[in-house]
Number of protein chains: 6
Amino acid sequence: MRTNGRQPDELRPVTIEAGVNRHAEGSCLIRCGNTEVICTASLETRVPPFIRNSGLGWVTAEYGMLPRATTERNRREASAGRPTGRTQEIQRLIGRSLRAAIDRVRLGERQITIDCDVIQADGGTRCASVTGGWVALRMAVNHLLRSGIISKDPILDHVAAISCGIVFGCPVLDLDYGEDREAETDANFVMTGRGTMIEVQCSAEREPFSRKELDSMLALAGKGTARLAAIQKAAIP
Amino acid sequence: MRTNGRQPDELRPVTIEAGVNRHAEGSCLIRCGNTEVICTASLETRVPPFIRNSGLGWVTAEYGMLPRATTERNRREASAGRPTGRTQEIQRLIGRSLRAAIDRVRLGERQITIDCDVIQADGGTRCASVTGGWVALRMAVNHLLRSGIISKDPILDHVAAISCGIVFGCPVLDLDYGEDREAETDANFVMTGRGTMIEVQCSAEREPFSRKELDSMLALAGKGTARLAAIQKAAIP
Amino acid sequence: MRTNGRQPDELRPVTIEAGVNRHAEGSCLIRCGNTEVICTASLETRVPPFIRNSGLGWVTAEYGMLPRATTERNRREASAGRPTGRTQEIQRLIGRSLRAAIDRVRLGERQITIDCDVIQADGGTRCASVTGGWVALRMAVNHLLRSGIISKDPILDHVAAISCGIVFGCPVLDLDYGEDREAETDANFVMTGRGTMIEVQCSAEREPFSRKELDSMLALAGKGTARLAAIQKAAIP
Amino acid sequence: MRTNGRQPDELRPVTIEAGVNRHAEGSCLIRCGNTEVICTASLETRVPPFIRNSGLGWVTAEYGMLPRATTERNRREASAGRPTGRTQEIQRLIGRSLRAAIDRVRLGERQITIDCDVIQADGGTRCASVTGGWVALRMAVNHLLRSGIISKDPILDHVAAISCGIVFGCPVLDLDYGEDREAETDANFVMTGRGTMIEVQCSAEREPFSRKELDSMLALAGKGTARLAAIQKAAIP
Amino acid sequence: MRTNGRQPDELRPVTIEAGVNRHAEGSCLIRCGNTEVICTASLETRVPPFIRNSGLGWVTAEYGMLPRATTERNRREASAGRPTGRTQEIQRLIGRSLRAAIDRVRLGERQITIDCDVIQADGGTRCASVTGGWVALRMAVNHLLRSGIISKDPILDHVAAISCGIVFGCPVLDLDYGEDREAETDANFVMTGRGTMIEVQCSAEREPFSRKELDSMLALAGKGTARLAAIQKAAIP
Amino acid sequence: MRTNGRQPDELRPVTIEAGVNRHAEGSCLIRCGNTEVICTASLETRVPPFIRNSGLGWVTAEYGMLPRATTERNRREASAGRPTGRTQEIQRLIGRSLRAAIDRVRLGERQITIDCDVIQADGGTRCASVTGGWVALRMAVNHLLRSGIISKDPILDHVAAISCGIVFGCPVLDLDYGEDREAETDANFVMTGRGTMIEVQCSAEREPFSRKELDSMLALAGKGTARLAAIQKAAIP
């Protein structure tokens, strides 16, 4: 039994509320336990220089955290003068993950920017951002389809992410902040709706992990992301 | 009649939901029409150098806007590398306004930081930040009183803020974004619960304004902030 | 009687020396008591992106202070890496004030940049910058008219600014640095030659102010700016 | 057969030349094919604030690339004003990997900074940096042991890293730059001398990868890092 | 005959007005033809970390230019976010030159900061800054002596600087901006009152220069700096 | 006799290894005693804005130092956020020196960027950068000539640089780091193959220097750079 009373393979309660922002082409508020992230998708005609005139589309992501999303107040990144290394690493992960499930030819030469802003944090914010970000992306693409701007759906599959870890020697799913601090190994998995993998990140925090431990976490992640894909499906308006 | 159907002295619907953040010592979500701001109050023992060992407290504020709070997506300030002049001007205003209603001796040598993050913008975000920020401050001070850290209430009065303007020649209260863009004159008033003034800012946007127009706006602001003080009172848990 | 021996409605000695810079299209050195500001107007054909091809002109301002303009040496902003919030707030005020008195259609698609650099500071530097900045602007516009680049005068009226405050309970005009530090309320007024208002900024520094105190300061400011407009007129070559 | 004529499980020629820097406590030049990285270990008595007075040591890493390490010249990061997100991600990976193999109690309250500077790049620079960085660290620790500053060896095991990928559908080891650009999946593995794992990073670049493909890459990485550990051992003076 | 009508060894008219700033411990306005620089000396008890508790003093310098000191307006360095390479090179030169003539033991553990701000530029601003900076330094040191804070004069000699160049094949003294742009070789000499050298900087701008040309410029510089030392002496109050 | 056993006019052992970088159009590793610098020349078709469409070429330089090139580890400039004043001064010197020996018309509208990265430092790094930079430039220009892109050699002469100094009262050539710290006067000379001068920089570090001392250093530098030009010639492949 885990310190939070969950089974090793048990997700926290997850809710996704779509349409929380009246300006964005897609948006949702995703809650995973006490972690809360607002995700918006913004459709832009301006694309980055390296794809200009290529006919290809682009999906990118930015990530932020309100100063008091955390137990102790954090310094605002705009005051610090630059996004931290952690922030940049997370926004690269979100962007890469969502691009992996999109047909950039079908999207056409336009950019969709996914903003993930953590309102309250209790572990797993990057995974919640990927999962919620996909819902915002799906809505923005639906908007493009409905308004006839594109005609074929460029989204190839669901994309959802979940953390796993080895905590007190036991592989567990969806760590909260308390577990994350104790974990010997910390992992994030981004997977598609059909169970193939987009990203595997697994780091020893205290001591090296074995192949067997990695296999256990892979199995947990497969179950978790399948459940998240079902919640995504139900949330799309 | 205004373009949004309101009377000249009519506020937009205002709601204040307290306690929206589980980490902060005080917090609320204030909605003024379509403008939505999350305000948190963070209690810190570290104080700025200029009051160290003075026995006096400090209240400061920071302000931010999610990239898609606006009709068009805005660049994230952390990417831009620094807070804009507008952001700095607003956070100085919020801090100055809230400090004006606090007895810094009674607060004692500690700092309360008010973070105001605009989730959705439709005009009047700085005024909503002052009004909601006061609620978060009130809750954090109540926390200090309840836990016996301080014994005398350092808050002297309510502080609330509202915008006014001259739109198509007519003085009106609480401009939304559409009115704000059309206004000949743009003003913000910060007032106490008993109707005295903390800050008056009034700028000609298109042509100079007369003394008579300033007087009309002062009257509107007095009514508006009295109404807001009542809403603040009802919102405190 | 004030600590500096002036009457409540008495300005410090003001002189404006025009043409102090041989390169600039307009320039002056304004002295208000011990406050000294060099103002230059630079004519530029490049305009900001948001007015390109609009046929409209633009007036903008920048503000700086020499490191030893003040009693204690201040850090140079170029070393600090960015203009402070105070600097940005002041340069936005100067720009807004001067734009309010110009017909941007008559000016045509060109930019005039007003640089206000404080050589010595003793309170009221932002007001001296507006008043002196107008003289530099007037000279640059005269240059445009004389050289036939534009044919109709785009300047609608004088623009001058003065500070007021409540010091030891008494409303006074044109505070020096010593008074500014003591003031309960601090205000800046930007007015036209005919007495209408461009900007009113009034902040409680120690305790809220009443409507009656605001009215007294408005009356003082009206007298002060009328006197400054006469000094401006006499200074233009 | 691969475009570069290697077998799928074949490393490029690897050489490690130790002691290339006369100032550093440990140093080497590692060459993996045409990729060349200078690694130095600097012993510092100053430690980061979060471990001060804890008695624990710290190992951290920084990564850089000479502007013409690449086919096209890259902008120098000092001119750009900040390390890129990619640079920060890599230096976090190197630091995390090397810390995983060190007993921080035995190291004692001191810091070792590993600098990895890419002189010439042809794919796999982050893996070469981990592998060469470990050699520099080993030498600096030997210096501490030899000079009697510490008495028990804090290094628990070898740490080496290697890239794998799926190129034209085939899992291969140690990608050069040409293969890296073509890869459908891109992975980096950091492993210990006894074959346990410190870091697994696997990203779909073009399309999701399967569990079977991940398993193939894990097997290749195990072989590759075992071979690198032997080369490390031979290189230590 | 030069384009400006001067003899090859003729300085421009030079005036030094001391005491132009009421706050600074030493100050002057130096005019060399149309070049005008305000120099202030600020006495500070805080010293840089590398001399703390050494008993030695420090003299440092900062240099700036008002945006419209030049024919075309220049971008303000505070907006650019950092001092340019040219600015840093100049302030290092001024600081090094003035330190060369001071006995740091006699000065004692305190810092004097020399600020040189160019109000109007017409060539030779760095040399005018050194020459005027020395006057400000002399006054600040006199202030220390008069007030009994130090008892032995730490200033060893006059320090003055002048530019030379090869213009249309002819060695000339004290180039104005027009000559500076045409010069084949550009040089700056910092010398003491007794004619020894503190700094020689000589750069080929168009083609290499000969030993004979260097010798001619050295002779011109000796004459020029002797004349400047006399003007410095007369200017000290 | 010098502390390092050399004669006053004796260079350290100098070697230049050409072609150390497989990507760059020209490259070398220059070793002057224990000082080691990698120099690369990168050919770019993009030129700086101020020469666009002029038909003229440009040569520019950048300079860096690996963090552990020095006895104590130095902070990486990319972490510091900007090149230091010293770095900027050095890269301006290298660029200016190499441009002085090139016919920009013959080079045609293209840019060659010389990167000088110090791998190990023991005094004289800026001089080694100029001398090695010229070799890289020569190779890149040979590449342009061989491939028929330009037809007339734009390089007018050799360019080499050497330091001199007054150490314990004695003029000496090519200071190492130990001598550099003791020197009363510190100088750098950039000269052509035929012995004319491109740059003379001579600074009093402890006390002013005399004309006679300057003359001695000029003589030493002439000998030293003639020797370096011969080594350059031998190194070009």
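These numbers were taken from a predicted model, which means no experiment stands behind them. Note on naming: letters A, B, ... go to the chains in the order of the sequence lines (proteins, then strands), and numbering restarts at 1 for each one.
Residue A:Gln91 does not touch chain B at all, counting heavy-atom pairs closer than 4.5 Å. Proximity to chain B is absent for every atom of A:Glu72, based on heavy atoms less than 4.5 angstrom apart. Heavy atoms closer than 4.5 Å to chain A are found in the side chain of B:Asp117, but not in its backbone. Contact of A:Glu62 with chain B is made through backbone and side chain together, with heavy-atom distances under 4.5 Å. Neither the backbone nor the side chain of B:Gln88 comes within contact range of chain A; no heavy atoms are under 4.5 Å apart.
Side chains of B:Glu77 and A:Glu77 form no contact here, defined as non-hydrogen atoms less than 4.5 Å apart. B:Leu43 is listed as a side-chain neighbour of B:Arg110, based on a closest heavy-atom distance under 4.5 Å.
Between the CZ atom in B:Arg2 and the CG atom in B:Asp176 there is a gap of 7.0 Å [rounded to 0.5 Å].
Top candidate by heavy-atom pairs under 4.5 Å with chain B, chosen from A:Thr40, A:Ile119, A:Thr71, A:Thr84, is A:Thr71. Top candidate by heavy-atom pairs under 4.5 Å with chain A, chosen from B:Ile38, B:Thr87, B:Asp122, B:Thr70, is B:Thr70. Each of A:Ser42, A:Gly64, A:Pro67 has some count of heavy-atom pairs under 4.5 Å with chain B, and the biggest count is that of A:Ser42.
Residues B:Asp174 and B:Arg12 are paired through a salt bridge, judged by an N-O separation under 4.0 Å between the basic side chain and the carboxylate.
Residue-environment remark: CZ (B:Arg227) stays at or below the threshold of 12 foreign heavy atoms within 6.0 Å.
Both tests hold for A:Arg99 against A:Trp58: distance to the six-membered ring centre under 6.0 Å, angle to the ring axis within 45°.
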